[in-house]
Protein chains: 2
Amino acid sequence: MGISDRKEREKEELKATILKAAHDLFLEKGVDKTSIRNIADKIEYSPGIIYHYFKDKSEIFHALHQQGFSMMNDRMVPLFSVSDPMERLKAMGRNYVDFALQNPGMYDLMFIKVTPMDHIQDEGIEKWKEGSQTFNGLRTTIADCIKAGYFKDQEVEPLAYMVWSTVHGLASLKIRNRCEVVNPDYQNTIVEQGLECMYDMIDPS
Amino acid sequence: MGISDRKEREKEELKATILKAAHDLFLEKGVDKTSIRNIADKIEYSPGIIYHYFKDKSEIFHALHQQGFSMMNDRMVPLFSVSDPMERLKAMGRNYVDFALQNPGMYDLMFIKVTPMDHIQDEGIEKWKEGSQTFNGLRTTIADCIKAGYFKDQEVEPLAYMVWSTVHGLASLKIRNRCEVVNPDYQNTIVEQGLECMYDMIDPS
DNA sequence: TTGATTTATTGAACACTGTTTAATTATATT
DNA sequence: AATATAATTAAACAGTGTTCAATAAATCAA
């Protein structure tokens with residue numbers, strides 16, 4: 001049975017090669033401008049081969065989408081060693097924004113692009129597991145904050161969604177070039193300052 | 001000179017017809033799935049004609065982009081009759097989110113899609129006028145809030161960007177289907193509740 | 001009204017896209 | 001070595017944005 005094992009392994013290898021090429025290409029040129037033929041050229045195979053490893057283009061994007069969440073989770077996990085929940089919440093916020101600005105292509109796919117969510121719904125992937133996991137980290141931290149006496153009279157779920165919305169807004173408006181309306185003196189630091197501003201709102205000292 | 005006037009008028013008419021067709025089509029099918037040929041079919045002209053009225057596809061999107069801002073401004077202007085600045089700020093927030101959820105296609109083009117901003121930068125349209133105007137309304141209102149004693153020790157610009165980010169986040173995560181991670185009991189009302197939650201943060205009563 | 005000129009419009013072409021499929025090559029099994 | 005299975009390709013299809021020479025229509029000058 002060693003042969004079929006090796007074949008299985010080789011299949012996985014080519015699949016990984018395709019994913020890596022796709023990843024590199026769309027970090028370099030953007031998701032929209034990366035074509036199947038571009039990927040095929042990069043790995044020096046014919047375009048058709050890709051359809052033996054992925055159902056369609058959106059399945060490739062979905063795979064990268066998952067990789068992105070695993071990257072983000074890897075960065076979030078260490079923060080759970082921060083015992084003060086408010087400090088942890090702030091650290092998560094900064095971490096989120098930093099991730100977005102350092103990996104705009106990935107962030108785009110994870111939180112802005114339509115495609116990967118379409119795929120999730122089409123395939124009936126009922127629970128968007130990676131996303132739920134990340135959101136749950138936020139939910140838990142906010143629940144901890146409430147237990148610690150912060151956010152009087154607030155519910156966890158709307159609060160978590162609002163905090164997420166704020167950091168997503170800060171990052172995505174920047175990524176999608178909507179910050180031109182901001183006073184030029186603030187352009188370079190506006191995301192950072194906006195984040196600090198959120199800190200002051202959720203934790204008036 | 002009446003003839004050239006009429007020709008000018010007819011040219012404007014066809015240009016408006018193209019824009020209307022484009023507008024209808026992309027509200028119906030989405031921006032990405034609306035092609036030049038679709039628009040040409042709808043107005044019963046050949047595809048080539050569109051390039052006599054618009055430089056390229058992104059110029060059409062930019063024109064609709066501007067229409068969107070004029071729609072939004074029309075909804076914002078009346079709010080300046082609200083004299084209490086905090087009440088006005090809250091009303092602007094609700095108005096913004098409502099606009100986004102009622103016109104997701106337009107909102108997409110105005111604040112999420114890459115294309116129209118690309119065009120603005122390529123063409124050297126130095127000051128994104130429509131956007132600046134809308135943002136300035138927010139800036140003014142927040143400055144009024146500070147004068148009225150709200151937001152102690154905060155700067156206008158970061159605060160305005162943060163508030164904008166929050167409402168943009170609330171709306172865009174919903175529009176781009178990222179709310180599936182939210183507890184199903186809250187799904188339908190999460191944007192509304194998130195907004196209320198923001199109200200409590202900026203105006204702790 | 002005719003002929004010349006300008007303008008509006010078309011249709012075909014180009015290079016690209018995602019995707020499918022029959023044919024081909026390579027590998028594994030008997 | 002012959003057969004069966006799997007991997008890979010090349011070609012095709014229908015679509016995309018865009019350009020451009022050819023045509024049709026409208027205007028101008030005589």
Side-chain angles (χ1 to χ4, degrees), chain A residues 1-19 21-22 25-26 28-65 109 113-116 118-119 122-123, chain B residues 1-19 21-22 25-26 28-65 109 113-116 118-119 122-123:
Chain A
M1 293 301 124
I3 289 169
S4 59
D5 283 4
R6 196 206 69 218
K7 295 207 108 186
E8 183 70 26
R9 216 165 50 231
E10 282 175 356
K11 227 179 142 139
E12 286 304 314
E13 268 171 36
L14 187 42
K15 192 163 182 172
T17 306
I18 294 170
L19 273 183
L25 274 171
F26 92 73
E28 169 190 321
K29 321 177 15 169
V31 182
D32 299 314
K33 283 167 187 167
T34 300
S35 74
I36 295 287
R37 280 174 183 81
N38 292 158
I39 300 170
D41 281 355
K42 185 137 193 166
I43 62 174
E44 296 177 301
Y45 276 79
S46 89
I49 196 65
I50 289 169
Y51 292 86
H52 274 82
Y53 294 86
F54 296 93
K55 191 193 145 221
D56 54 22
K57 200 184 179 184
S58 90
E59 196 168 283
I60 300 178
F61 286 157
H62 178 64
L64 294 172
H65 186 251
L109 206 50
K113 279 255 143 32
V114 180
T115 315
D118 274 7
H119 185 262
D122 287 359
E123 299 296 297
Chain B
M1 294 300 126
I3 288 169
S4 59
D5 283 5
R6 197 207 69 217
K7 294 207 110 186
E8 183 70 25
R9 219 165 48 231
E10 282 176 354
K11 230 181 140 141
E12 285 305 315
E13 268 171 36
L14 186 43
K15 193 164 182 173
T17 306
I18 293 171
L19 273 183
L25 274 172
F26 94 71
E28 170 190 322
K29 319 176 19 168
V31 182
D32 299 313
K33 283 167 187 165
T34 300
S35 73
I36 296 287
R37 281 173 183 81
N38 292 156
I39 300 170
D41 281 355
K42 184 137 191 166
I43 62 174
E44 295 177 301
Y45 276 79
S46 90
I49 196 64
I50 289 171
Y51 292 86
H52 275 82
Y53 294 86
F54 296 93
K55 191 194 145 220
D56 54 23
K57 200 184 178 184
S58 89
E59 197 168 282
I60 300 178
F61 286 157
H62 178 64
L64 294 172
H65 186 251
L109 205 52
K113 279 253 143 32
V114 179
T115 315
D118 273 7
H119 185 262
D122 287 359
E123 298 297 297

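Lettering follows sequence order; numbering is per chain, from 1.
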Across all chains, not counting sequence neighbours, the side chain to side chain contact (heavy atoms under 4.5 Å, CB included) partners of A/Lys42 are A/Ala21, A/Asp24, A/Leu25, A/Glu28
Between CD1 of B/Ile49 and P of D/dA24 the distance, given in whole Å, is 15 Å
For nucleotides 21-26 of chain C, 5' to 3', base contacts (B), sugar-phosphate-only contacts (S) and non-contacts (-) with protein non-hydrogen atoms under 4.0 Å give ------
note: A/Ile18, atom CD1; D/dT8, atom C1'; distance rounded to Å ~ 12 Å
Sorted by chain and residue number, the side chain to side chain contact (heavy atoms under 4.5 Å, CB included) partners of B/Tyr53 (sequence neighbours excluded) come out as B/Lys11, B/Leu14, B/Lys15, B/Ile18, B/Ile49
B/Asp32 meets the salt bridge (charged side-chain N to carboxylate O under 4.0 Å, His left out) criterion, sequence neighbours left out, with B/Lys113
Note: contacts of residues 31-41 of chain B with DNA chain C (heavy atom, under 4.0 Å) are B/Arg37
The salt bridge (charged side-chain N to carboxylate O under 4.0 Å, His left out) partners of B/Asp41 (sequence neighbours excluded) come to none
In whole angstroms, the gap separating C1' of C/dT7 from OH of B/Tyr45 amounts to 13 Å
Sequence neighbours excluded, the answer for side chain to side chain donor-acceptor pair (under 3.5 Å) partners of B/Ser58 is B/Asp56
*For the pair A/Asn38 (side chain) and A/Ser35 (backbone), establish whether a donor and an acceptor sit closer than 3.5 Å, ignoring hydrogens and angles.*
yes
Residue set satisfying salt bridge (charged side-chain N to carboxylate O under 4.0 Å, His left out) with B/Lys29, at least two apart, ordered chain then number -> none
For B/Lys57, the salt bridge (charged side-chain N to carboxylate O under 4.0 Å, His left out) test, sequence neighbours excluded, returns none
Check: Is the shortest side-chain N/O distance from A/Tyr53 to OP1 or OP2 of D/dT8 below 4.0 Å?
Finding: yes
Rounded to whole Å, CG of A/Leu25 lies from P of C/dT17 at a distance of 11 Å
